[in-house]
Amino acid sequence: MNRHVAIIGCGHVGADVAFSLVTQNLVDHLSLFDIKDAKAASEQLELQDMAAHIGSRVHIDHNDEQQLSCADIVIMAVGPSKTETSNRLRELAETSASVATWAPKLQAAGFDGVLINITNPCDVITMSLARRLALPEGRVFGTGTSLDSARMKRVVGKLLDVDPASVDGYVLGEHGESQFVAWSSVRVGGLSFSQWPQAETADCAQMEADIRRGGWDVLSGKGWTSFGIATAAAKLVDAVFSDAHRVYAVSAIDQRFGVHIGQPALIGRCGVIRTIPIPLPAAEAEKYAASATVIATAFQKIC
Ligand SMILES: NC(=O)c1ccc[n+]([C@@H]2O[C@H](COP(=O)([O-])OP(=O)(O)OC[C@H]3O[C@@H](n4cnc5c(N)ncnc54)[C@H](O)[C@@H]3O)[C@@H](O)[C@H]2O)c1
């Protein structure tokens, strides 16, 4: 099997996705693209420098658009010229213009695989790419609230003193300021979060703020975020190649609201196999609807 991934945008995020895919042996052929040719070329060279230390052989090329025709998965990771530090929606004008230049190239190449979007604002850009590429539903999805759900697991795990991997549940909605923790979905060891004694005195509003602010906290120190999202993207690539039928919180179409939005979905060879609408209590359902409105309003601006 020749697992071929193309990464468009080789900045902090795209380069770390490439590093994760190569070091985790999740790819056989990697095609790197960046508007700055020297950046893509140097990422190619440095990844090739690792070849002697890794147990797999990976073919790597850069800025060769012919490669888009045979890519199984495209990862969109282009970014704005200036890093946004407070609201991902502010990236929209610039990043929507950038991804718009790639849709016709992908179509001209006959790209017929799965596209995973990381570029922010993630839900709006995913929606824009899904409409432009017109691939079968589910083939274009975004990393959505997968990273935010991982942040929730870190914060809840810390409170309960359990490994985050033992925390189940989701952050839903926009990968942005209107996201929310679906506390009703959070379970640890078969108990709902509210059944844990620590939950009685927990400041859930503060925990939720910490989760929402997680990305900005990382960014304020190192200037960008990349390890978390690169790991999430690698998991999604693995789920597609292995037809895993595993559940992740991704940005997928919710037909009730007509938007791509963070929600649990089953991921396999064709991308999103189906979404899993969780029954939410009224207060959480309201937050979900409000978040869908934020995404729809932003999308209107680029139509
Ligand atoms: N979804 C998430 O959870 C998540 C997490 C972190 C970052 N992000 C987003 O990922 C994106 C990338 O972030 P980053 O830190 O890597 O930014 P960055 O500035 O380090 O890299 C962006 C790269 O895109 C390239 N680029 C810009 N326009 C391009 C175009 N038209 N064609 C090809 N390449 C182009 C730039 O040359 C640059 O190398 C941003 O939108 C950021 O907000 C999303």
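Numbering of ligands and ligand atoms starts at 1, following listing order.
- Atoms of ligand 1 found under 4.0 Å from any heavy atom of L147, numbered from 1 in the order shown, are 3 (O).
- For atom 7 (C) of ligand 1, the closest non-hydrogen atom of the protein is V13 CG2, 3.6 Å.
- Ion pairing of D210 with R213 is present here, as a side-chain N (NZ or NE/NH1/NH2) and a carboxylate O approach within less than 4.0 Å.
- Protein heavy atom at the shortest distance from atom 25 (C) of ligand 1 is D34 OD2, 3.3 Å.
- Heavy atoms of T225 found under 4.0 angstrom from ligand 1 belong to the backbone as well as the side chain.
- The protein heavy atom nearest to atom 27 (C) of ligand 1 is G79 O, 3.4 Å.
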Before you tell me yes or no, could you show the steps for L115 and I73 under side chain to side chain contact (heavy atoms under 4.5 Å, CB included), namely the whole-Å CA-CA distance, both residues' side-chain angles and the distance that decides it to 0.1 Å?
CA-CA 6 Å; L115 187 143; I73 300 176; over 6 Å; no
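- For the residues G142, A100, G11, the heavy atom positioned nearest atom 21 (O) of ligand 1 is part of G11.
- Atoms of ligand 1 found under 4.0 Å from any heavy atom of H12, numbered from 1 in the order shown, are 15 (O), 16 (O), 20 (O).
- Of the N and O atoms on the side chains of R88 and H175, at least one donor lies less than 3.5 Å from an acceptor on the other residue.
- Residues E177 and N87 bring no donor and acceptor atom of their side chains to less than 3.5 Å of each other.
- Residue L32 holds its CG atom at 7.5 Å from CG of D61, rounded to the nearest 0.5 Å.
- When only non-hydrogen protein atoms are considered, atom 40 (C) of ligand 1 lies nearest to E91 OE1, 3.5 Å.
- Donor-acceptor pairing under 3.5 Å is lacking for the side chains of S42 and Q44.
- Residue K36 places a heavy atom under 4.0 Å from ligand 1.
- Side chains of T297 and Q300: no donor on one and acceptor on the other come within 3.5 Å.
- Side chains of V250 and T126 form no contact here, defined as non-hydrogen atoms less than 4.5 Å apart.
- Looking at atom 9 (C) of ligand 1, its nearest protein heavy atom turns out to be N120 ND2, 3.5 Å.
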Between D34 and K36, is the salt bridge (Lys or Arg N to Asp or Glu O under 4.0 Å) condition met? List the steps.
CA-CA 5 Å; D34 200 285; K36 296 174 190 151; 5.7 Å; no
Output, in order, the C-alpha distance, side-chain angles, deciding distance and verdict of salt bridge (Lys or Arg N to Asp or Glu O under 4.0 Å) for D28 and R57.
CA-CA 7 Å; D28 302 301; R57 188 170 161 77; over 6 Å; no
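- Residue A77 has at least one heavy-atom neighbour below 4.0 Å for each of these atoms of ligand 1: 12 (C).
- Taking every non-hydrogen atom of T143 and a distance limit under 4.0 Å, the qualifying atoms of ligand 1 come out as 1 (N).
- Among protein heavy atoms, atom 2 (C) of ligand 1 sits closest to H175 NE2, 3.3 Å.
- Taking atom 34 (N) of ligand 1 as the reference point, the nearest protein heavy-atom neighbour is I35 N, 3.1 Å.
- Closest to atom 30 (C) of ligand 1 among all protein heavy atoms lies W102 NE1, 3.7 Å.
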